[in-house]
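Okay, structure first, notes after.
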Protein chains: 2
Amino acid sequence: MNYDEAKHKFVSTWGSLGTLWGINKAMAQIQALLFISTEPLSMEDIMAGLQISRGNTSMNLRQLMDWGIVTKEIIPGERKEFFTTEKNVQELARIVAKERSRREIKPVIKVLNEVSSIEDDGNPKTKELIKQTKDLHDLTETMDALINKLVNQKQNWITKSLLKLIG
Amino acid sequence: MNYDEAKHKFVSTWGSLGTLWGINKAMAQIQALLFISTEPLSMEDIMAGLQISRGNTSMNLRQLMDWGIVTKEIIPGERKEFFTTEKNVQELARIVAKERSRREIKPVIKVLNEVSSIEDDGNPKTKELIKQTKDLHDLTETMDALINKLVNQKQNWITKSLLKLIG
DNA sequence: TTAAACTTTCAATAATTATTGAAAGTTTAT
DNA sequence: ATAAACTTTCAATAATTATTGAAAGTTTAA
């Protein structure tokens, strides 16, 4: 496998994997391209590199910036905008985890809390609904706390956590 | 909020949340319905409860069984098949985590390993590709190990893990 | 100011993914 | 063996989601 093949394989795998970390294909591919680039890329570079339209590139770059994964780079003497992504994998994982907690997990906890707080009318079906959603609420809240705990350890968090759990 | 409203809110929220744990809407909704049901449900029950077709129900039940989340129940004297889901939330979380590791994370680790193992031709671009995909490979592998570690603690794993990390 | 260089927006369109429903398949009872 | 009761399959269709491209918007240089 040569450079171009490897690059293509990485970008497309990372793209189709987007769903795993909750973003769409183009978004993930742009991030992948920036992630292995030695220098900041312009919109033209990204359009050419992935064979996607200007509009698509623009919209997905915006989303990546909203997530805090990609930043604009000003290059002196250049009129165009250039983009870079967070290159440190641990920091990248921290950002993704925090955003998913905020965007997805927190809202679910809210709904589960509402549902599990309905009045118990004595009906077995109501009791079951309350019990099960309460359990799910507690689990989700604990997992969210766990994720935030892991993620706030900054330096080498994943490896450190693993060691703690093994020991 | 009364029982029916709460039930509906739970089922539809859980459904649209399916993507978060990597399954589709109908699949997640069927699981939700079974999860709060006091007794096993037949295909008819599910079709009526979610207003979906027989084919859709059949296919998604199959997928849930493939995941190991739902099981067929034989009810004596009944010709129809009945279905139940794992009711324990911790056990449910374990199953989901294991399946996602197997289906999604492991294959990615493989690709990252292949890509990061290409020959270093001295070109800075190749060096960067190798370095970045190597880092991603190591991170993903460590996270996968962490997940499996967490998930294999059986009894009250999430709470236990949280305590370990805090202490 | 003006115009060139660039980016954003968004309605139209394409691609993907989910759902239906009816025919084919299976099981059970007689 | 037959038929009723049930489930599965899959081509057609619907719903959803992603992508395009051109017009509108913005910034910069002169």
Side-chain angles (χ1 to χ4, degrees), chain A residues 11-34 40-67 70-85 103-104, chain B residues 11-34 40-67 70-85 103-104:
Chain A
V11 171
S12 74
T13 302
W14 207 238
S16 55
L17 199 77
T19 47
L20 205 152
W21 48 295
I23 66 175
N24 79 18
K25 200 181 80 179
M27 211 173 138
Q29 286 187 342
I30 292 172
Q31 200 276 326
L33 200 65
L34 292 171
L41 300 181
S42 70
M43 219 155 93
E44 303 287 337
D45 295 334
I46 295 166
M47 289 166 62
L50 301 175
Q51 301 278 77
I52 59 176
S53 73
R54 186 175 297 282
N56 200 2
T57 307
S58 171
M59 287 172 116
N60 285 110
L61 274 171
R62 165 115 84 105
Q63 283 205 75
L64 284 164
M65 288 188 283
D66 287 348
W67 273 69
V70 162
T71 45
K72 263 186 196 157
E73 198 88 350
I74 306 295
I75 297 198
E78 285 278 9
R79 196 65 182 270
K80 282 189 204 124
E81 294 176 331
F82 286 80
F83 301 90
T84 49
T85 188
R103 290 165 190 245
E104 296 171 305
Chain B
V11 171
S12 74
T13 302
W14 206 238
S16 55
L17 200 77
T19 47
L20 205 151
W21 48 295
I23 66 175
N24 79 20
K25 201 182 78 179
M27 209 174 140
Q29 286 186 342
I30 293 173
Q31 199 276 326
L33 201 63
L34 293 171
L41 300 181
S42 70
M43 219 155 91
E44 303 287 337
D45 294 334
I46 295 166
M47 287 165 64
L50 299 176
Q51 301 277 78
I52 59 175
S53 73
R54 188 175 295 282
N56 200 0
T57 307
S58 171
M59 286 172 117
N60 285 110
L61 275 171
R62 164 115 83 107
Q63 283 206 75
L64 284 163
M65 289 187 283
D66 287 348
W67 272 68
V70 162
T71 45
K72 264 188 197 156
E73 198 87 350
I74 307 294
I75 296 198
E78 285 276 11
R79 196 69 180 269
K80 281 188 205 124
E81 294 176 331
F82 286 78
F83 301 89
T84 48
T85 188
R103 290 165 190 246
E104 296 170 306

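Letters A, B, ... mirror the listed sequences (proteins, then strands); counts begin at 1.
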*Using a 4.0 Å heavy-atom cut-off across all strands, classify A:N24 as base, sugar-phosphate, or nothing.*
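Result for A:N24 = sugar-phosphate.
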
_B:D66 side chain to B:Q63 backbone, donor-acceptor under 3.5 Å_ =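 No, B:D66 side chain to B:Q63 backbone: no donor-acceptor pair under 3.5 Å.
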
*Hey, is the side chain of A:R62 poking within less than 4.0 Å of OP1 or OP2 on C:dT9, counting only N and O atoms?*
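Looking at the OP1 and OP2 atoms of C:dT9, one of them is under 4.0 Å from a side-chain N or O of A:R62.
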
_Between A:R54 and C:dT8, is there a contact of a side-chain N or O with OP1 or OP2 at under 4.0 Å?_
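For C:dT8, neither OP1 nor OP2 has a side-chain N or O of A:R54 closer than 4.0 Å.
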
Rounded interatomic separation in angstrom, taking [atom1] from [X] and [atom2] from [N]:
X     : N      : atom1 : atom2 : value
A:N60 : D:dT17 : CG    : P     : 15 Å
B:E81 : D:dC6  : CD    : P     : 11 Å
A:I30 : D:dT19 : CD1   : C1'   : 12 Å
A:M59 : C:dA12 : CE    : P     : 15 Å
B:F83 : D:dT7  : CZ    : C1'   : 9 Å
B:K80 : C:dT28 : NZ    : C1'   : 15 Å
B:Q51 : C:dT19 : CD    : P     : 14 Å
A:E44 : C:dA5  : CD    : P     : 12 Å

*Taking all non-hydrogen atoms of both residues, which atom of B:S16 and which atom of B:K25 are closest, and how far apart?*
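Of all heavy-atom pairs spanning B:S16 and B:K25, the closest is N-CG, 4.4 Å.
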
*From the list D:dT8, C:dT20, D:dT20, which nucleotide is the closest neighbour of the side chain of A:N56?*
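The answer is D:dT20.
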
*Closest nucleotide of DNA chain C for A:M65 versus for B:K25: which of these residues is on the 5' side?*
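This one resolves to A:M65.
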
*Starting at the 5' end of DNA chain C, what dot-bracket string do you get if Watson-Crick and G-U pairs under 3.5 Å are bracketed, crossing pairs use [ ], other-strand pairs use | and unpaired bases use dots?*
||||||||||||||||||||||||||||||

*Heavy-atom neighbours of B:R103 CZ exceed 12 at 6.0 Å*: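 Count over threshold, so yes.
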
Could you state the interatomic distance from [atom1] ([X]) to [atom2] ([Y]), rounded to the nearest 0.5 Å?
X     : Y     : atom1 : atom2 : result
A:N56 : A:Q51 : CG    : CD    : 12.5 Å
A:L64 : A:I23 : CG    : CD1   : 6.0 Å
A:L41 : A:E73 : CG    : CD    : 10.5 Å

*A:I52 vs B:R79, nearer the 5' end of DNA chain D by closest nucleotide*: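 Final value for this comparison: B:R79.
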
_Parallel, tilted or perpendicular: which one describes the rings of A:W21 and A:W67, with boundaries at 30° and 60°?_
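A:W21 and A:W67: perpendicular rings.
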
